[in-house]
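Take a look at the structure below.
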Amino acid sequence: MENQQIQITHSQSRKAKPASDQLEFGRIFTDHMFMMDYSEEKGWYEPRIVPYQPITLDPAAMIFHYGQTVFEGLKAYRTKEDKVLLFRPEKNMERLNLSNERLCIPQIDEDFVLNALKQLVNLDKDWVPSAEGTSLYIRPFIISTEPYLGVAASKSYKLMIILSPVGSYYKEGIHPVKIFVEREFVRAVEGGTGKAKTAGNYAASLKAQEVSEKQGYSQVLWLDGIEKRYIEEVGSMNIFFKINGKVVTPELNGSILAGVTRDSVINLLKYWGVPVQERRISIDEIYDSFKNGELEEVFGTGTAAVISPVGELNWEGEKMVINNGKTGSLSQKIYDTLTSIQNGLEPDLFDWTVEVK
Ligand SMILES: *Cc1c(COP(=O)(O)O)cnc(C)c1O
């Protein structure tokens with residue numbers, strides 16, 4: 001794989017780029033995409049960058065029937081000096097292979113795909129927006145393509161990388177959201193696919209999301225699938241609680257997705273000397289800490305929003321209002337620090353950013 005050349009076909013026409021205040025999440029795509037294929041005989045082959053275009057698949061392609069697929073999500077940021085930075089992209093490559101392992105998809109050469117990703121971003125560099133809070137979202141994904149209706153692992157695959165300029169998650173600055181503690185539906189269970197970034201987890205989460213939205217909540221808090229007692233994630237983000245000066249987050253128990261942002265937050269807190277623990281946390285413990293006046297801050301973490309403060313948790317009709325529904329000072333400090341590092345505005349203490357050039 002290492003010495004395979006990436007074939008590049010340049011797009012003949014260039015699309016108009018949207019104004020930076022018109023950007024949404026994931027609606028428009030750049031001029032080029034990366035693709036490569038897999039077969040049992042050849043392994044991963046024909047790595048190529050081509051004009052962004054629809055693909056043709058056999059209706060029997062296994063992806064349509066049994067959902068054997070994985071994806072990643074990361075961003076490229078434009079700095080004041082017009083450099084383009086990626087944030088810990090090697091972690092996404094590593095996680096792609098962990099997801100592959102769980103979904104019986106062949107492993108990729110992480111260095112090779114990261115290099116392909118950089119070449120693609122470099123080619124479509126003009127698409128990396130510069131306004132505050134904007135970025136270029138990068139979506140690598142793999143689908144199973146063998147035309148076969150038997151339930152088995154596919155013998156052929158396609159890996160693609162597409163790019164989408166995205167607007168600021170927070171148009172009016174970081175603000176807290178209301179969260180509904182989900183009692184009926186579960187996202188994942190130990191032994192299932194919760195720790196893999198695979199489509200089925202998100203399809204399974206839509207129903208709860210729909211129900212909670214109707215009740216005026218923006219996301220659900222997922223509890224464990226067995227006792228429905230231990231906290232797992234919030235929407236498709238990891239979750240942190242600040243209780244009496246200490247920060248806790250659920251430990252990676254096999255059903256939780258190991259977020260890159262989660263890991264970065266833990267590292268930052270340790271560096272700052274803020275006590276942080278990864279352990280099992282029950283919803284009862286959170287409720288007790290709220291009753292005792294010790295629940296100081298709650299926030300979700302993920303690439304899209306970076307930090308998403310929680311202003312209210314509704315647990316069986318009990319409304320826990322956190323920090324008067326305002327963004328806590330630690331949440332704000334983490335947000336400011338991570339976004340400054342990502343945008344090259346602050347020294348990269350941990351060597352997290354990688355320049356695309
Ligand atoms: C992607 C994802 C996260 C956050 O991961 P990051 O690497 O921080 O973006 C958390 N939970 C779920 C379920 C996810 O899919």
Side-chain angles (χ1 to χ4, degrees), residues 1 4-12 15 25-40 42-76 86 89-125 127-128 135-147 153-166 196-203 303-304 356:
M1 192 86 251
Q4 282 193 54
Q5 275 290 327
I6 298 175
Q7 289 291 334
I8 301 180
T9 310
H10 291 265
S11 173
Q12 290 308 309
K15 297 182 234 179
F25 180 82
R27 292 243 181 240
I28 52 168
F29 300 92
T30 65
D31 291 315
H32 298 90
M33 63 197 275
F34 173 80
M35 287 177 107
M36 67 177 179
D37 295 285
Y38 177 92
S39 73
E40 283 192 321
K42 299 191 223 173
W44 288 107
Y45 67 98
E46 252 180 56
R48 57 206 186 271
I49 290 174
V50 295
Y52 187 90
Q53 60 192 279
I55 55 167
T56 306
L57 289 175
D58 193 296
M62 295 177 90
I63 174 62
F64 297 134
H65 305 279
Y66 309 121
Q68 193 194 8
T69 178
V70 294
F71 70 94
E72 267 305 323
L74 65 158
K75 286 174 169 177
L86 301 173
E90 66 291 343
K91 296 291 260 181
N92 297 89
M93 296 297 115
E94 198 182 302
R95 189 169 66 190
L96 188 57
N97 262 341
L98 291 172
S99 299
N100 282 339
E101 205 278 322
R102 181 64 183 82
L103 273 291
C104 299
I105 293 173
Q107 295 284 293
I108 54 149
D109 179 330
E110 294 171 23
D111 294 337
F112 182 85
V113 177
L114 179 51
N115 181 50
L117 182 156
K118 287 183 191 163
Q119 279 194 46
L120 177 67
V121 172
N122 203 31
L123 185 61
D124 280 346
K125 213 173 198 167
W127 284 89
V128 184
S135 57
L136 184 70
Y137 185 78
I138 306 168
R139 169 55 60 86
F141 63 110
I142 303 175
I143 57 170
S144 48
T145 54
E146 188 190 350
S154 176
K155 293 189 166 71
S156 58
Y157 300 87
K158 238 183 219 318
L159 180 153
M160 288 171 269
I161 305 175
I162 56 175
L163 309 174
S164 173
V166 296
K197 238 174 154 68
T198 185
N201 293 341
Y202 305 85
T303 296
V356 174

> For the atom pair CG (N97) and CD1 (I105), what is the distance rounded to the nearest 0.5 Å?
Replying inline: 10.0 Å

> Any side-chain heavy atom of R102 within less than 4.5 Å of one from V70?
Replying inline: no

> How far apart are the closest heavy atoms of N201 and A196, and which atoms are they?
Replying inline: ND2-O, 2.9 Å

>> Using a 3.5 Å distance criterion without hydrogens, assess whether the side chain of H32 forms a donor-acceptor pair with backbone atoms of L120.
In response: no

> So, K118 side chain and L86 main chain: donor-acceptor pair closer than 3.5 Å or not?
Replying inline: no

> Which heavy atom of C104 sits nearest a heavy atom of Y157, and at what distance?
Replying inline: O-OH, 3.3 Å

> With no hydrogens and no angle check, is any side-chain donor or acceptor of Q68 less than 3.5 Å from a backbone partner on L103?
Replying inline: yes

>> Measuring from atom CG of L117 to atom CG of N92, what distance do you get when rounded to the nearest 0.5 angstrom?
In response: 8.5 Å

>> Keeping S144 on the side-chain end and I63 on the backbone end, is there a donor-acceptor pair under 3.5 Å?
In response: yes

> Considering all heavy atoms of both residues, which atom of V128 and which atom of A76 are nearest to each other, and what is their separation?
Replying inline: CG1-O, 3.8 Å

>> Is the shortest side-chain heavy-atom distance between L57 and F64 below 4.5 Å?
In response: yes

>> Main chain of I142, side chain of T69: is a donor-acceptor contact present, judged purely on distance under 3.5 Å?
In response: yes

> Near K155 NZ, under 6.0 Å, is it more than 12 heavy atoms from other residues, nucleotides or ligands?
Replying inline: no

> Should we count CD of E90 as having more than 12 external heavy atoms under 6.0 Å?
Replying inline: yes

>> Check whether R139 reaches the backbone of I161 with its side chain - one donor and one acceptor, N or O, closer than 3.5 Å.
In response: no

>> Taking W44's backbone N and O only, do any of them form a donor-acceptor pair with Q4's side chain (distance below 3.5 Å, no angle check)?
In response: yes

>> Is there a side-chain contact (heavy atoms from CB on, under 4.5 Å) between K15 and I28? Walk through the geometry before answering.
In response: CA-CA 10 Å; K15 297 182 234 179; I28 52 168; over 6 Å; no

>> Test side-chain contact (heavy atoms from CB on, under 4.5 Å) on D124 and L136; report intermediate values, then the result.
In response: CA-CA 10 Å; D124 280 346; L136 184 70; 5.5 Å; no

>> With rounding to the nearest 0.5 angstrom, report the OH to NZ distance, Y202 to K197.
In response: 4.0 Å

> Can you check whether D37's main-chain N or O pairs, donor with acceptor, with E46's side chain at less than 3.5 Å?
Replying inline: no

> At their closest point, which heavy atom of P165 faces which heavy atom of T30, and how far apart are they?
Replying inline: CD-CG2, 4.2 Å

> How far apart are the C-alpha atoms of K91 and L74, what are their side-chain angles, what is the distance that settles it, and do they pass the side-chain contact (heavy atoms from CB on, under 4.5 Å) test?
Replying inline: CA-CA 10 Å; K91 296 291 260 181; L74 65 158; over 6 Å; no

> Any donor-acceptor pair under 3.5 Å linking the side chain of S39 with the backbone of S156?
Replying inline: no

>> For a quick test of reading the model, state the closest non-hydrogen atom pair linking F29 to W127 and the distance between them.
In response: O-CH2, 3.9 Å

>> For the CZ atom of R95 and the CD atom of E101, what is their distance to the nearest 0.5 Å?
In response: 15.5 Å

> Checking side-chain contact (heavy atoms from CB on, under 4.5 Å) for the pair Y38/T145: CA distance, chi angles, key distance, verdict?
Replying inline: CA-CA 9 Å; Y38 177 92; T145 54; over 6 Å; no

> What distance do I49 atom CD1 and T9 atom OG1 have between them, rounded to the nearest 0.5 Å?
Replying inline: 9.5 Å

> Looking at residues at least two apart in the chain, or sitting in another chain, which of them share a ring-ring contact (aromatic ring centres under 6.0 Å, His included) with Y137?
Replying inline: F25

>> Let me confirm one number: the CE-CZ distance from M35 to R48, rounded to the nearest 0.5 Å.
In response: 5.0 Å

> Between A153 and M62, which heavy-atom pair has the shortest distance, and what is it?
Replying inline: C-CE, 4.4 Å

>> Strictly distance-based, threshold 3.5 Å: is any side-chain N or O of K75 a donor or acceptor partner for the main-chain N or O of T303?
In response: yes

